[in-house]
S.K.: 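Structure below; questions to follow.
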Amino acid sequence: MAILKLHGGKQATCTRRVATVLHELQVPFELIEVDVANGAHKSPEYLKIQPFGQIPYIDDDGFLLYETRAICRYIAAKYPKYGLIPTEPKANALFEQAASVELTNFDPSASKAGLQLWIRKMGYPFPTDDKIIADNLETLEKKLDAYEAILSKQRYLAGETITLADIFHLPYGVFVTYAGSESDSVMNRASRPNVARWYKELISRPSWLAYLDGVTTTTAY
Amino acid sequence: MVLKLYGMPVSTCTRRVATVLVEYKVPFEFVSIDVAKGEHKSAAYLQNQPFGQVPYIDDDGFILFESRAICRYIVDKYPAPAGTTPLVPSDIKGKALFEQAASIEYSDFEPYAYPTVREKVFKPMRNLPTDKAVYDSSIETLDAKLAGYEAILGKQKYLAGNEIILADLFHLPYATLLAKAGSDLMTTKGPNVTRWYNELCERPSWNAVKDGAKSFSSY
């Protein structure tokens, strides 16, 4: 059986999300870099695989899949022993609630602010906008007050054990902190001690630390 | 105890859930939340839904919010009605393609359809000014994204294959408001999107709730 191929970008945000989960699940994979700088992701050949012209996608022994959260869910379902998606019906429903919270209440503002802050930190030659960053961080602050309420009652977003829903907050959960400091950022405020606790746990995970300098082919764990 | 759906009758997310409850012929009681009076931001409400949003369900004491999570829970709990295929596949690859479609809805449709509808439908309803720049850029991006849909739907009937799935139905509440927002993209972008959209609009479950969610004690 061929090694799983992750077609994406070494530093690309969504590629990192997938790599983090592959690492959590100890799945060997080969990173195949897509030449985004030269528009490879918009070529007719690429669009046949990913019709929205985005990275990443995976090739799992001939099975092609795109959308990072779908990829992560697929791999988690293949390796259920890690429990990243609970199977008991009510636990599963609470996982889906948490996964939807990430999509609807975190990602819209975190990805807009986070992407721009990441561009600035990496020094990429793309325009950024102070107002977009500020407005989205403000929205995110309010959303995280609700996170504080949830996380004051339980360790993780879906209950007492970590699930994909928590991990989906990477990498943007880290990038939004670039607007602050290690001791005080939107994810790490004295006023939200439970969010801070949960955030620090997430960024201490080996799967996140493994690709701090970018995603690389990983054949052994 | 019968399932209770707490929401606002014409809310997009409330009708998304009601559609799936009707699809699966699940009896439910609809409880109207007085959003105009801010009931969804009250301390009591926030105990059940910490983000102060509608809807949520109470299934015999089990509280769940986020419309897409509620829909998934219904499909997981109840059998598909006789003669229909489940709205979420159970085999690993079928499920993966479902998740891909569900992610497309949330990443490539909603972020552009929602602001379009918000600017030209929701804001006027609340006497708030429309931000034309936001509207124009949302429509422009939605138009580009629907090219991806046109390609997918040229090869298969629905977003994950030839059977309808939850992810197709998830589009209905905002897709059907685009015309009110001054956009006919759903029926002009391309023949495949048009075919798919028109079929979705004909679903009896959607038609039962499109003008407002309500209780269903029997089917």
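Every chain is numbered from 1, with letters handed out A, B, ... down the list of sequences. All figures in this text were calculated on a predicted structure; none of them were measured in a lab. Heavy atoms only: backbone and side chains are in, while hydrogens, waters and symmetry mates are out.
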S.K.: What part of Ile70(B) is in contact with chain A, defined as an atom under 4.5 angstrom from a non-hydrogen atom: side chain, backbone, both or neither?
M.R.: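 Neither part; nothing is under 4.5 Å.
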
S.K.: Less than 4.5 Å to any heavy atom of chain B: does that hold for the side chain of Leu94(A), its backbone, both, or neither?
M.R.: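 It is both, since atoms from each part get that close.
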
S.K.: Does a sphere of radius 6.0 Å around NZ in Lys25(B) hold more than 12 heavy atoms from other residues, nucleotides or ligands, not counting ones at 6.0 Å or beyond?
M.R.: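 Atom NZ in Lys25(B) is not crowded, with 12 or fewer foreign heavy atoms closer than 6.0 Å.
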
S.K.: Using a 3.5 Å cut-off and no angle test, enumerate the donor-acceptor pairs between side-chain atoms of residues 151-158 of chain B and protein atoms at least two apart in sequence or in another chain.
M.R.:
| from | atom 1 | to | atom 2 | distance (Å) |
| --- | --- | --- | --- | --- |
| Gln156(B) | NE2 | Tyr158(B) | O | 3.0 |
| Gln156(B) | NE2 | Leu159(B) | O | 3.1 |
| Tyr158(B) | OH | Glu199(B) | OE1 | 2.8 |

S.K.: Contact part of Tyr106(B) toward chain A, heavy-atom cut-off under 4.5 Å: side chain, backbone, both or neither?
M.R.: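 Contact with chain A: side chain only.
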
S.K.: For the pair Glu96(A) and Arg73(A), find out whether any cationic side-chain nitrogen is under 4.0 Å from an anionic carboxylate oxygen.
M.R.: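 The answer is yes: the pair qualifies as a salt bridge.
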
S.K.: Give, for atom CG of Asn162(B) and atom CD1 of Ile164(B), the distance between the pair rounded to the nearest 0.5 Å.
M.R.: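 Taking CG in Asn162(B) and CD1 in Ile164(B), the distance rounds to 12.0 Å.
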
S.K.: Of the backbone (N, CA, C, O) and the side chain (C-beta and beyond), which part of Lys142(A) lies under 4.5 Å from a heavy atom of chain B, both, or neither?
M.R.: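 Interface part for Lys142(A): neither.
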
S.K.: What I want to find out is whether Arg155(A) reaches Glu160(A) closely enough, with some N-O distance under 4.0 Å, to be called a salt bridge.
M.R.: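 No, this pair does not count.
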
S.K.: For Tyr66(A), is it the side chain, the backbone, both or neither that has a heavy atom under 4.5 Å from a heavy atom of chain B?
M.R.: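 The answer is both parts of Tyr66(A).
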
S.K.: With a 4.0 Å cut-off on N to O distance, would you call Glu141(A) and Arg192(A) a salt bridge?
M.R.: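 Looking at Arg192(A) together with Glu141(A), the answer is yes, because their closest N to O distance falls below 4.0 Å.
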
S.K.: Answer yes or no: is there a donor N or O on one side and an acceptor on the other, between the side chain of Lys189(B) and the main chain of Asp143(B), under 3.5 Å?
M.R.: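 Flag set: sc Lys189(B) to bb Asp143(B) pair under 3.5 Å.
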
S.K.: Identify which part of Tyr149(B) has an atom lying under 4.5 Å from any heavy atom of chain A, answering side chain, backbone, both or neither.
M.R.: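 Contact with chain A: backbone and side chain both.
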
S.K.: Identify which part of Ile63(B) has an atom lying under 4.5 Å from any heavy atom of chain A, answering side chain, backbone, both or neither.
M.R.: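 When you check distances to chain A, only backbone atoms of Ile63(B) fall under 4.5 Å.
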
S.K.: Does a side chain donor of either Tyr57(A) or His41(A) reach within less than 3.5 Å of an acceptor in the other side chain?
M.R.: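 Distance-only check fails for Tyr57(A) and His41(A).
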
S.K.: Can you tell which part of Ile150(A) gets under 4.5 Å to a heavy atom of chain B, answering side chain, backbone, both or neither?
M.R.: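 The answer is the side chain of Ile150(A).
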
S.K.: Below 4.5 Å, heavy-atom pairs only: which of Lys145(B), Gln49(B), Arg68(B) has the largest tally toward chain A?
M.R.: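 Top count of heavy-atom pairs under 4.5 Å with chain A: Lys145(B).
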
S.K.: Tell me, out of Glu66(B), Lys77(B), Glu110(B), who's got the most heavy-atom pairs with chain A below 4.5 Å.
M.R.: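 That would be Glu66(B).
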
S.K.: Given heavy-atom pairs under 4.5 angstrom as the criterion, report whether the side chain, backbone, both or neither of Gln50(A) touches chain B.
M.R.: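 Neither part, no heavy atoms under 4.5 Å.
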
S.K.: For Tyr221(A), enumerate each residue passing the ring-ring contact (aromatic ring centres under 6.0 Å, His included) test, keeping only those at least two apart in sequence or located in another chain.
M.R.: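 With sequence neighbours excluded, Tyr221(A) shows a ring-ring contact (aromatic ring centres under 6.0 Å, His included) to His23(A), given in chain and number order.
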
S.K.: Using a cut-off of under 4.5 Å for heavy-atom pairs, which of Lys78(A), Gln54(A), Arg69(A) has the most such pairs with chain B?
M.R.: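 Counting heavy-atom pairs under 4.5 Å, the top option is Gln54(A).
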
S.K.: What part of Phe51(B) is in contact with chain A, defined as an atom under 4.5 angstrom from a non-hydrogen atom: side chain, backbone, both or neither?
M.R.: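 For Phe51(B), heavy atoms of backbone and side chain both lie under 4.5 Å from chain A.
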
S.K.: Taking every non-hydrogen pair under 4.5 Å, which of Gln53(B), Glu150(B), Lys95(B) racks up the most with chain A?
M.R.: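 The option with the most such pairs is Gln53(B).
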
